[in-house]
**Q** 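Okay, handing you the structure first.
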Amino acid sequence: MPPAVLITQCLQNDFVKPIGRHEALPNMLHVGYEEARRLMGERPAEGPVARFMAWAYGQREDALGLVHIRDWHDARDAHQREHLGYYGDHCLADSWGAAFCFDVQDPRRASIVNSRGLNDFLGTGLEGTLVRLRPQRVGIVGVWTEAKVSFLAYDLRTRRPELEIGVCSALTASSSRAQHFLALDQMRKLLHVAVFESVASFTEWLTGDAAEVPLPATHAEHPGLEGAPDLSPADAALVRYLFRDCRTARLHALGGGFSGNAVLMAHGVDLHGHEQVPHVVKIGPQHAIGAERAAFERIEAVLGNSAPRIADFADAGDRGAIKYRYAAMGRGESTTFQRKYASGLGTDEIERILRVVFEDQLGRLYAAATPERVDLLAYYGFDPSYAPRVESRVGSAAEILEFPGGRKARNVAAFYRDLSEVTRPPSETHSFAYVHGDLNGANIVLDATGTVWLIDFFHTHRGHVLRDLVKLENDLLYIFTPLESESDLEAALAFTDRLLRVADLGAPLDDWRAAPEVLRRAWGTVRVLRAFYPGLLREDSDPRQLWIGQLRYAVHTLSFDESSPLQKRWALYAACRLAEKILSGY
């Protein structure tokens, strides 16, 4: 008997057949244009469901059993009139709408269960099929996530509590993206269902085999990859698949943060010679790419036209890739905010870009912020076990560290050692909303027309509303702002001392006209960033929340290859002083 069974739920034309953007829904239960496109792909014959089902049918019967649950209705049956009257005619027996949306390669390979209502065990042969197959784990794909998929998971958990149950976010869908992810979260939390973000992780869980879902073969001559960075064969195969409708794809590296993933700007030319709109391709470990895809899908609809769209995604072996479409991106080469800032970007243009990012784009997420009870030290990942690592990065075990200008500060490593003794306020609340989660200067992209775009959503989550602003300020100081001498460093430490005197985050940062020349632009940029605080924090202007976030990123900076030794000493001083402030504040 197979140790695992895959159950497909309502993967039928009436539920998921791809339709046009403005085409009327064929019935009340169709998931709609966006979700059908996400589930089936823009080219359904090569999309996620088609490739996954081809993989499933290729598995040995003693390794993976297949069960297809389908809605199957008879309009003449009096027992079904209420159901069809409420939801409208759909999946009528033997109709095209009731047919599966994937190729049933061998009818003898799978068991088919006809379901006439919301409970797939009532009046069906599902129970007997599971008794016969005796699986140890059951994977579920299909629609709707918050209804039929969730109901099936509930029935399996309550009827067969010994089963391992798993679902894949990329292979399930609903009419509402928000309801889709809410249902996944509820299944994970309440039913102990394993939720897999990448198809590759899901298939490996099902069979215990890392064998990949194969990519369709591309044409022998196209797409040609022009200007490609040093891509591995696996990464090049992913790019060729994502641009399989192109004659050529011209690539250049954007960098996209410091995670080690490949982030490429791509300009494709289709088979007819038409230049496509620009795309950004993110390539990395398949589990991380799957997590980024799922994280971005949670906020995609909120960001609207100011964000990319996921045009396609794929796994190959242990690598994964996402193809982001930037429909309104101008022609010409794109660059990053970090590069533009380093080249001497003017203050007015800096402010314009930051206003686009934090008002027009991420501001859509922050507008839904709500107060939540939270331990910010835990949220930002502080743990006493990190003390040896921090001490190693500091490079000194001394209790007191000395800095230019006669400054002294307690070693920040001691803060980590003493974390277990830090008293947390029992009812501390702070504003939480969806945040980008890793907003560095390389993740803000500027096209040739000056339009501002965001990339790299792997860390997107519901978090502290200041997190993106704190992260960008950290990188502005310790990466973007060059220090050439000890005197520059001493001026930078005075800069930090001045910032640490701010006691009210709701008040504007003063205009430090006497700031040293090397730091004048940085101070002006920090003033712009801090100007967003009052609208986000409302009545919560306690600076301790800022200090905690700043400490987390300042310590992280000590491991950056991008920061110079002088910049790291600046970050170390800030970290030591912040730790003192946090301890005194509590």
**Q** Apply side chain to side chain contact (heavy atoms under 4.5 Å, CB included) to Ser150 and list each qualifying residue two or more places apart in sequence or on a separate chain.
**A**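 With sequence neighbours excluded, Ser150 shows a side chain to side chain contact (heavy atoms under 4.5 Å, CB included) to Ala183, Met187, given in chain and number order.
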**Q** Assess, by modelled atom type and distance only, whether the side chains of Gln179 and Ser174 contain a donor and an acceptor separated by less than 3.5 Å.
**A** no
**Q** Below 4.5 Å, heavy atoms only, C-beta onward: do Val435 and Thr460 meet side chain to side chain?
**A** no
**Q** Would you mind listing every ring pair (Phe, Tyr, Trp, His ring centres under 6.0 Å) that reaches into residues 118-163, with sequence neighbours excluded?
**A**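 Checked against ring pair (Phe, Tyr, Trp, His ring centres under 6.0 Å) - neighbours excluded - no pair reaches residues 118-163.
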**Q** Any side-chain donor paired with an acceptor under 3.5 Å for Gln59 and Asp209?
**A**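 There is no such pair between these side chains.
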**Q** Verify the distance criterion only: is there a donor paired with an acceptor across the side chains of His73 and Asp71 at less than 3.5 Å?
**A**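 Side-chain D/A pair, His73 to Asp71: present.
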**Q** Regarding Arg70 and the six-membered ring of Trp72, is the cationic atom NZ or CZ under 6.0 Å from the ring centre and inside 45° of its axis?
**A**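 Arg70 over Trp72 ring: yes.
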**Q** Any luck finding a side-chain donor-acceptor pair between Arg132 and Ser111 under 3.5 Å?
**A** yes
**Q** List for me each residue that meets side chain to side chain contact (heavy atoms under 4.5 Å, CB included) alongside His192, sequence neighbours excluded, and say none if there are none.
**A**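 Listed in chain order: Arg157.
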**Q** Can you classify the ring geometry of His430 versus His464 as parallel (below 30°), tilted (30 to 60°) or perpendicular (above 60°)?
**A** perpendicular
**Q** Using a strict 4.0 Å threshold on nitrogen-to-oxygen distance, state whether Glu300 and Arg177 make a salt bridge.
**A**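 Result for this pair is yes, salt bridge flagged.
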**Q** Assess, by modelled atom type and distance only, whether the side chains of Arg389 and Tyr416 contain a donor and an acceptor separated by less than 3.5 Å.
**A** no
**Q** Applying ring pair (Phe, Tyr, Trp, His ring centres under 6.0 Å) as the test, list every pair that has at least one member in residues 30-54; sequence neighbours left out.
**A**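 Passing the test, one end in residues 30-54: Phe52-Trp55, Phe52-Phe202.
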**Q** Residues two or more places apart in sequence or in another chain: which of them pass side chain to side chain contact (heavy atoms under 4.5 Å, CB included) with Ser385?
**A**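 Ser385: side chain to side chain contact (heavy atoms under 4.5 Å, CB included) contacts with Asp383.
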**Q** Tell me whether His287 at atom NE2 has more than 12 heavy atoms from other residues, nucleotides or ligands lying less than 6.0 Å away.
**A**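 No, NE2 of His287 has 12 or fewer neighbouring heavy atoms, counting only those of other groups under 6.0 Å.
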**Q** Under 4.0 Å between a side-chain nitrogen and a carboxylate oxygen: does that hold for Arg293 and Glu297?
**A** yes
**Q** Flag the pair Asp185 and Arg188 as a salt bridge only when some basic side-chain nitrogen lies within less than 4.0 angstrom of an acidic carboxylate oxygen.
**A**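 The answer is yes: the pair qualifies as a salt bridge.
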**Q** Can you list everything that forms a ring-ring contact (aromatic ring centres under 6.0 Å, His included) with Tyr366? Sequence neighbours excluded, please.
**A** none
**Q** Honestly, is Arg51 close enough over Tyr241, meaning NZ or CZ under 6.0 Å from the six-membered ring centre and within 45° of the axis?
**A** yes
